[in-house]
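Report on the following structure.
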Amino acid sequence: MKPIIVIGEGGHSKVVQDIIAAEGIYEVIAVLDDKYDDVFEKDRVLIGPISYAEKLIADTDAVFVVAIGNNQVREQIARILFEAGAVFEAVVHPFASVSPSAVIGTGTVVMAGSVINADAVIGEHAIINSGAVVEHDNRIGDFVHVSPGAVLTGNVCVGAGAHIGAGATVIPGKTIGAWSVVGAGTVVIDNILDDVTVIGVPARVMKK
Ligand SMILES: CC(C)(COP(=O)(O)OP(=O)(O)OC[C@H]1O[C@@H](n2cnc3c(N)ncnc32)[C@H](O)[C@@H]1OP(=O)(O)O)[C@@H](O)C(=O)NCCC(=O)NCCS
């Protein structure tokens, strides 16, 4: 199995590690998180601070996945690791339904029960969470999080870093601006600008 290093050890990381085990392609050789100061071994897995990645990049041919749920933090750490020479891989649960014509960027995590339909293009370091639906021809930017049970109908565009809350729905052809947040359960029927938070049915701007 190919070696993989998981960055982050919170709740999201637990799910990502389960996906890696279910996929059966990669073996986790290290889990790095800045809650640790020192490097140690636990159950044959190296545990330590994220700065230890530099040594692992130099000494191993392991790939990386950044398993941090917060979009801003995931972006920041992915960029630092990329500049240090890290190579990222997408991690896709075997019980996700992914069209052969869909494109999934490196570092992206696709969870169980999600559906990614024809000609959807997903950027890098995105999260398609459990049971989310990304319909045909969607364009999903880098560092986006589509939360559990959210439904992006056909031809939706989601800008980089946006967060689509759990159970939210976006009707066809609408655009969600970069780094915007769509609250849980929101129904989006109009385009949403960059850097705003929207809530409600139909969606209204809560804060800019
Ligand atoms: C929209 C959201 C980001 C707002 O968070 P916040 O800024 O901390 O907002 P608050 O909790 O202070 O709520 C502010 C107001 O908005 C309302 N509100 C918050 N979220 C709402 C939602 N999803 N739908 C409708 N109203 C909502 C609150 O009731 C409150 O109303 P009030 O001022 O009349 O009392 C957050 O509530 C949300 O929905 N996040 C998505 C979480 C999610 O799906 N995570 C997935 C993890 S896997």
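Whatever order the structure lists ligands and atoms in, that order sets their numbers, starting from 1. Keep in mind the model is a prediction, meaning the values are calculated, not measured.
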Which residue supplies the protein heavy atom nearest to [atom], what is that atom called, and how far is it?
| atom | result |
| --- | --- |
| atom 7 (O) of ligand 1 | Lys207 NZ, 2.6 Å |
| atom 15 (C) of ligand 1 | Met206 CE, 4.3 Å |
| atom 2 (C) of ligand 1 | Thr197 CG2, 4.6 Å |
| atom 19 (C) of ligand 1 | Ile199 CG2, 4.5 Å |

Taking Thr108 for the side chain and Gly123 for the main chain, is one N or O donor matched with an acceptor at less than 3.5 Å?
yes
Is it true that a side-chain atom of Ser180 and a backbone atom of Ala162 form a donor plus acceptor pair closer than 3.5 Å?
no
To the nearest 0.5 angstrom, please state how far the CG atom of Asp34 sits from the CD1 atom of Ile77.
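Answer for the CG-CD1 pair, Asp34 versus Ile77, is 6.5 Å.
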Hey, which atoms in ligand 1 end up nearer than 4.0 Å to a heavy atom of [X]?
| X | value |
| --- | --- |
| Gly165 | 44 (O) |
| Val181 | 3 (C) |
| Pro148 | 48 (S) |
| Ala166 | 43 (C), 44 (O) |
| Gly183 | 1 (C), 23 (N), 39 (O) |

Specify whether the nearest protein heavy atom to atom 37 (O) of ligand 1 is under 4.0 angstrom away.
no
Taking atom 24 (N) of ligand 1 as the reference point, report whether a protein heavy atom occurs under 4.0 Å from it.
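Yes.
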Does anything in residues 99-145 pair up under ring-ring contact (aromatic ring centres under 6.0 Å, His included), and if so which pairs, sequence neighbours excluded?
Phe88-His125, His125-Phe143, His145-His163
Please find the pair of heavy atoms, one from Pro94 and one from Ala22, that lie closest to each other, and give the distance.
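Between these two residues, the closest heavy atoms are CG-O, 3.7 Å.
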Does ligand 1 have any atom sitting under 4.0 Å from a heavy atom of His163?
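Right, His163 reaches ligand 1.
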Carboxylate-amine/guanidinium contact Glu75 Arg79, below 4.0 Å
yes
